[in-house]
Chemist: 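Just dropping this structure here.
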Amino acid sequence: MTNTAFQSFLLRWFQLKNNRSLLRQEQILLSQALSHVFGLYLVQLGRICPHSMLEGNRARHHILMDQSLTRNAGQKLMGIEADIDYLPLKPDSVDAVVLPHTLESVLDPYHLLRQIDQVLIPEGHLIVTGFNPWGCLTLRHRLGEHRQAFARANLIRAHRLVDWLSLLGYDIEWLNYTPVTCFGKQTEKRVSAWQQGLDQGQRKPGQSLGNLYCLHAKKRVSAPTPVGLNWRLTDWLGLKRPGPVAANPSREGYDGARCEQKKKLFE
């Protein structure tokens, strides 16, 4: 069952003045990931802002799927009201799926990933955004004014998500974090020198201090096993193919001697 309370909280929370810049940073990461996405159908599961977040991709049809949609929720998107836990989509029918904090709003994220794996086509794209549990601002909100709302969220570390997707057969194409910011007011254009140094330093060891992350994964296609004549002509289980059998000189001499004995018997 989807946690609609946390989802509607994010819809309001990202519209606050102090959090709009964080939403813009997430939009930049999404645009970078979506620039490599193309196909017929691009589906966004859940929403965190009134406007569309699917700009910068080459997909022909954009679909927003959520449990409750208002008239202006999708704007240019095609809206579908449905339970995210039970996707009403055909297998192998979607080219790309975008999850903006959607895994944090469901009780069983791995169950949702298995459903997405069924509806994605081979070599389909999966883009996930989420809060870094160890991000500076994330920790501040988890312990501060909005701690009750964030306590209901299922925050997932990016490296744990990488392990899940690897088990499902996905290749991680790209993973990046937003800059390190520890202040509520992020509207200022100037950033202090120590903050810039911290941002550059945290990117080298693994980019694990940013407040938000964006992950782009691609569904792996299993290579078919060749059958027929090809596998018979190759070395199988390390056994060498038998070469031509050479004539045994001793055997030829033995057969010749027996023929001479038979001739003597019938003379």
Side-chain angles (χ1 to χ4, degrees), residues 3 5-35 44-51 53-56 98-106 109 126-165 172-217:
N3 186 356
F6 182 69
Q7 191 177 55
S8 29
F9 162 76
L10 287 181
L11 194 59
R12 301 187 306 269
W13 187 77
F14 273 115
Q15 299 307 310
L16 299 178
K17 184 177 180 181
N18 294 337
N19 301 325
R20 291 175 186 173
S21 60
L22 191 61
L23 180 62
R24 288 194 295 267
Q25 294 173 6
E26 181 172 350
Q27 182 68 69
I28 293 175
L29 293 182
L30 269 176
S31 299
Q32 295 176 1
L34 288 171
S35 63
Q44 175 183 332
L45 299 181
R47 60 193 177 99
I48 58 175
C49 60
H51 61 271
M53 302 188 68
L54 301 181
E55 300 177 356
V98 179
L99 304 178
H101 301 274
T102 311
L103 294 180
E104 300 169 346
S105 303
V106 295
L126 175 61
I127 299 177
V128 183
T129 64
F131 288 102
N132 181 13
W134 302 110
C136 186
L137 276 180
T138 308
L139 287 174
R140 178 179 176 181
H141 290 299
R142 291 174 63 185
L143 302 176
E145 180 183 356
H146 305 288
R147 60 180 179 273
Q148 294 183 356
F150 276 87
R152 294 192 294 265
N154 192 3
L155 300 184
I156 305 171
R157 294 185 60 187
H159 290 82
R160 184 182 179 187
L161 182 59
V162 169
D163 294 337
W164 288 355
L165 293 175
I172 307 303
E173 300 289 323
W174 185 74
L175 173 61
N176 204 352
Y177 287 75
T178 58
V180 177
T181 50
C182 300
F183 306 98
K185 297 182 179 180
Q186 306 172 46
T187 58
E188 298 180 0
K189 296 182 179 179
R190 299 183 59 184
V191 182
S192 60
W194 71 268
Q195 187 174 349
Q196 291 181 353
L198 180 61
D199 182 30
Q200 296 176 358
Q202 63 93 22
R203 294 179 181 274
K204 296 181 180 179
Q207 301 181 346
S208 58
L209 299 179
N211 298 294
L212 297 171
Y213 64 84
C214 181
L215 183 145
H216 177 201

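Basis for what follows: all heavy atoms, side chains included, without hydrogens, waters or symmetry-related copies. Numbering of residues begins at 1 and proceeds along the displayed sequence. Just so it is clear, the structure is predicted and the values come from calculations on it, not from any experiment.
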Chemist: Nearest 0.5 angstrom please: Arg160 CZ to Asp163 CG, how far?
Modeler: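 Rounded to the nearest 0.5 Å, the CZ-CG separation comes to 9.5 Å.
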Chemist: Run the side-chain contact (heavy atoms from CB on, under 4.5 Å) test on Ile156 and Val128 for me, step by step, so that the C-alpha distance in whole Å, both residues' side-chain angles and the decisive distance to 0.1 Å come before the verdict.
Modeler: CA-CA 11 Å; Ile156 305 171; Val128 183; over 6 Å; no
Chemist: Of the non-hydrogen atoms in Gln25 and Pro179, which two are nearest, and what is the gap between them?
Modeler: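 Scanning both residues, the minimum pair turns out to be OE1-CD, 3.8 Å.
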Chemist: Roughly how far apart are Phe14 CZ and Arg47 CZ, rounded to 0.5 Å?
Modeler: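 Between atom CZ of Phe14 and atom CZ of Arg47 there are 14.0 Å.
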Chemist: Nearest heavy-atom pair of Gln32 and Asn176: which atoms, and what distance?
Modeler: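 Looks like OE1-ND2, 4.3 Å.
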Chemist: Take Trp134 and Leu155 through the side-chain contact (heavy atoms from CB on, under 4.5 Å) test and state the conclusion after the steps.
Modeler: CA-CA 10 Å; Trp134 302 110; Leu155 300 184; over 6 Å; no
Chemist: Does Thr102 reach the main-chain N or O of Leu45 with its side chain, forming a donor-acceptor pair under 3.5 Å?
Modeler: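 Checked: pair present.
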Chemist: Atom NE2 of His216 and atom CG of Leu34: how far apart are they, to the nearest 0.5 Å?
Modeler: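 The distance works out to 8.5 Å.
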Chemist: Say you draw a straight line from CZ of Arg12 to CG of Asn19; how long is it, rounded to the nearest 0.5 Å?
Modeler: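 Here the interatomic distance stands at 12.5 Å.
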Chemist: Specify whether Trp13 and Phe150 have parallel, tilted or perpendicular ring planes, treating 30° as the upper limit for parallel and 60° as the lower limit for perpendicular.
Modeler: perpendicular
Chemist: Grab the two heavy atoms, one from Tyr177 and one from Gly210, that are nearest each other, plus how far apart they are.
Modeler: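 Scanning both residues, the minimum pair turns out to be CD2-O, 3.8 Å.
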Chemist: Which atom names give the shortest non-hydrogen contact between Ala33 and Cys214, and what distance separates them?
Modeler: CB-SG, 4.1 Å
Chemist: For side-chain contact (heavy atoms from CB on, under 4.5 Å), just list the numbers for Leu212 and His101, CA-CA rounded to whole Å, side-chain angles, deciding distance to a tenth of an Å, and then say yes or no.
Modeler: CA-CA 10 Å; Leu212 297 171; His101 301 274; 3.6 Å; yes
Chemist: Measuring only between side-chain heavy atoms, which start at C-beta, is Leu99 closer than 4.5 Å to Leu126?
Modeler: yes
Chemist: To check you understand the geometry: which heavy-atom pair defines the closest contact between Tyr213 and Phe131, and what is its length?
Modeler: CE2-O, 3.6 Å
Chemist: Could you tell me if the side chain of Ile172 sits less than 4.5 Å from the side chain of Leu215, heavy atoms only?
Modeler: yes
Chemist: Could you check whether any side-chain heavy atom of Leu23 comes within less than 4.5 Å of a side-chain heavy atom of Ile48, counting everything from C-beta outward?
Modeler: yes
Chemist: List the atom of Cys49, the atom of Leu11, and the distance in Å for their closest heavy-atom pair.
Modeler: N-CD1, 3.4 Å
Chemist: Does Glu26 reach the main-chain N or O of Thr129 with its side chain, forming a donor-acceptor pair under 3.5 Å?
Modeler: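 Answer holds: no.
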